[in-house]
*Asks:* 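The following block contains the structure, expressed as structure tokens.
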Amino acid sequence: MFDSVRDDLRATLDDIRAAGLHKPERVIGTPQSATVHVTAGGRPGEVLNFCANNYLGLADHPDVVAAAHEALDRWGYGMASVRFICGTQEVHKELEQRLSAFLGQEDTILYSSCFDANGGVFETLLGEEDAVISDALNHASIIDGIRLSKARRFRYANRDLADLERQLKEATEGGARRKLIVTDGVFSMDGYVAPLREICDLADRHDAMVMVDDSHAVGFVGPGGRGTPELHGVMDRVDVITGTLGKALGGASGGYVAARAEIVALLRQRSRPYLFSNTLAPVIAAASLKVLDLLESAGDLREKLAANTALFRSRMADEGFDVLPGDHAIAPVMFGDATVAGRMAELLLDRGVYVIGFSYPVVPHGQARIRVQLSAAHSTEDVHRAVDAFVAARAELGA
């Protein structure tokens, strides 16, 4: 049987390569940092890393690494269990309490990833008599989580408040018992920030709850790094916040739902990814606690990240590149054609700058791009070198 399947799969893979959509994996032989050593999948050697989610440069921070070493000695390597059987340690409860306080929510529940967190919310909270109203550009994990629920599904155009209100009215007129608006806080492929204050206003007007996936914001967006709800002054008006420990908060893995106490209590009883997945490794929980300690005095890191972002965006604009507008550390450089974006990424690697070309199905057809991600770990010289490499690669490509 598999012989015929093999031929079909090979043909599909050939089509992906022919369309310029193949996504190679480069192998690095160093810790995640502003500079990494590529060992396979590209020109080997030291390169500047401009495509990690390591926004604050904490992935290899010595204090975080030391906390992880200490946690291995104290808590062991893994739990070999789910939370409700024998998989809950003091370190897990402490992290949940610290995240709740940091995010201004009543309680928090940990997951093995934010993908699992988003996969566990909708099915638990919403039934077929309910409605979920989702931004069109929400993350794949939100889309998949919604598919797992029986709720009626409404979709509104990206950050389009008029369309959101139309969908809310339709859901109300359809007799929805509960209505949940869900949006990314920051849209990961564009760097655009959701208009949360206006979304909360509409939620109040139409008796809806609000859920935000703030994975690309918590740690560095907002005056205290508490994410887009803090940025927009609506921390007390958002009902559910999901996020990850795998980006600005140390870059390992793990996710969470921070929410109203009753929501978290129900998730502990009914959320399938939580009930049937191994507990987050204690070493990650302990290291994440150290990250939260560091965030209390991370104003200089947030300022450095903002300065690097402004410099990169300004210089790229001066050089005539099409960079999507905004001030987020995600700075998408648009090329449109998938083959051009992929070739630019290769030429940049040859010049010592590690970036990735994004194309369909990660982004829509015709919107291929290189998503540059700035870090507080980058020096000013690093940023200038990256822009200079873009200029030289474009000249070689003739794009």
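These numbers come from the heavy atoms of this one structure, side chains and all, not from hydrogens, waters or symmetry mates.
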*Asks:* For Phe187, check ring pair (Phe, Tyr, Trp, His ring centres under 6.0 Å) against everything at least two apart and list the hits.
*Replies:*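 In terms of ring pair (Phe, Tyr, Trp, His ring centres under 6.0 Å), with neighbours along the sequence ignored, Phe187 is linked to no residue.
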*Asks:* By side chain to side chain contact (heavy atoms under 4.5 Å, CB included), which residues pair with Glu90, not counting sequence neighbours?
*Replies:*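 Glu90: side chain to side chain contact (heavy atoms under 4.5 Å, CB included) contacts with Arg74, Trp75.
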*Asks:* Would Asp63 and Lys290 count as a salt bridge (Lys or Arg N to Asp or Glu O under 4.0 Å) here? Give the steps.
*Replies:* CA-CA 7 Å; Asp63 290 352; Lys290 174 55 67 174; 5.6 Å; no
*Asks:* Suppose we screen for side chain to side chain contact (heavy atoms under 4.5 Å, CB included). Which residues come up paired with Thr108, at least two apart in sequence or across chains?
*Replies:*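 Testing Thr108 for side chain to side chain contact (heavy atoms under 4.5 Å, CB included), a comparison that skips the adjacent residues, returns Glu96, Leu99, Ser100, Tyr256, Ala258.
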*Asks:* Please identify each residue that fulfils side-chain hydrogen bond (donor to acceptor under 3.5 Å, both in side chains) with Arg155, with sequence neighbours left out.
*Replies:*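 Once residues adjacent in sequence are excluded, Arg155 has no partner under the side-chain hydrogen bond (donor to acceptor under 3.5 Å, both in side chains) criterion.
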*Asks:* Are Leu301 and Val383 grouped together when hydrophobic residues (ILVMFWY) are joined by side-chain heavy atoms under 4.5 angstrom apart?
*Replies:*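 Per the 4.5 Å side-chain linkage, Leu301 and Val383 are co-clustered.
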*Asks:* With Arg385, which residues qualify under side-chain hydrogen bond (donor to acceptor under 3.5 Å, both in side chains), at least two apart?
*Replies:*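 With neighbours one apart ignored, the set is empty.
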*Asks:* Donor-acceptor pairs under 3.5 angstrom involving side-chain atoms of residues 198-213: please list them, not counting sequence neighbours.
*Replies:*
residue : atom : partner : partner atom : Å
Asp201  : OD1  : Arg237  : NH1          : 3.3
Asp201  : OD1  : Arg237  : NH2          : 2.7
Asp204  : OD2  : Arg237  : NH2          : 2.8
Arg205  : NH1  : Glu165  : OE2          : 3.3
His206  : NE2  : Glu165  : OE2          : 2.9
Asp213  : OD1  : Ser215  : N            : 3.0
Asp213  : OD1  : Ser215  : OG           : 2.7
Asp213  : OD2  : Asn118  : ND2          : 2.9

*Asks:* Which pairs with one or both residues in residues 342-372 pass ring-ring contact (aromatic ring centres under 6.0 Å, His included), sequence neighbours excluded?
*Replies:*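 As it turns out, the ring-ring contact (aromatic ring centres under 6.0 Å, His included) pairs with a partner in residues 342-372, which skip direct neighbours, are Tyr360-His365.
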*Asks:* For Ala389, enumerate each residue passing the side chain to side chain contact (heavy atoms under 4.5 Å, CB included) test, keeping only those at least two apart in sequence or located in another chain.
*Replies:*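 Result, side chain to side chain contact (heavy atoms under 4.5 Å, CB included) vs Ala389: Leu348, Arg351, Val353.
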*Asks:* With no hydrogens and no angle check, do the side chains of Gln32 and Asn49 hold a donor and an acceptor under 3.5 Å apart?
*Replies:*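 There is such a pair between these side chains.
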*Asks:* Among the clusters formed by ILVMFWY side chains lying less than 4.5 Å apart, do Leu110 and Phe115 turn up in the same one?
*Replies:*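 Hydrophobic grouping puts Leu110 apart from Phe115.
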*Asks:* Any idea how His328 and Tyr55 line up, ring-wise: parallel (<30°), tilted (30 to 60°), or perpendicular (>60°)?
*Replies:*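 Plane angle over 60°, so perpendicular.
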*Asks:* Please determine whether residues Val121 and Ile143 belong to a single hydrophobic cluster, defined as Ile, Leu, Val, Met, Phe, Trp and Tyr linked transitively by side-chain heavy-atom distances below 4.5 Å.
*Replies:*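 No, separate clusters.
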*Asks:* Do Ser379 and Asp382 have a side chain donor and acceptor closer than 3.5 Å?
*Replies:*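 A donor-acceptor contact under 3.5 Å links the two side chains.
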*Asks:* Which residues pass the ring pair (Phe, Tyr, Trp, His ring centres under 6.0 Å) test with Phe84, sequence neighbours left out?
*Replies:*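 Scan of Phe84 (ring pair (Phe, Tyr, Trp, His ring centres under 6.0 Å), adjacent residues dropped) gives none.
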*Asks:* Mind jotting down which residue pairs meet the ring-ring contact (aromatic ring centres under 6.0 Å, His included) criterion with at least one end in residues 274-321? Sequence neighbours excluded, please.
*Replies:*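 ring-ring contact (aromatic ring centres under 6.0 Å, His included) check on residues 274-321 returns Tyr111-Tyr274, Phe321-Phe390.
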*Asks:* Return the set of residues passing side-chain hydrogen bond (donor to acceptor under 3.5 Å, both in side chains) with Asn278 (not counting sequence neighbours), or none when no residue passes.
*Replies:*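 Per chain and number, Asn278 pairs via side-chain hydrogen bond (donor to acceptor under 3.5 Å, both in side chains) with no residue.
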*Asks:* Using the test side-chain hydrogen bond (donor to acceptor under 3.5 Å, both in side chains), find all partners of Arg343 that sit at least two apart in sequence or belong to another chain.
*Replies:*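 Listed in chain order: Glu346.
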*Asks:* Should Glu319 and Arg315 count as an ion pair when the cut-off is N to O under 4.0 Å?
*Replies:*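 Yes, Glu319 and Arg315 are salt-bridged.
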*Asks:* Same cluster or not: are Ile142 and Val238 linked, directly or through other Ile, Leu, Val, Met, Phe, Trp or Tyr residues, by side-chain heavy atoms under 4.5 angstrom apart?
*Replies:*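 No, it is not one cluster - the side chains of Ile142 and Val238 are not joined through contacts under 4.5 Å.
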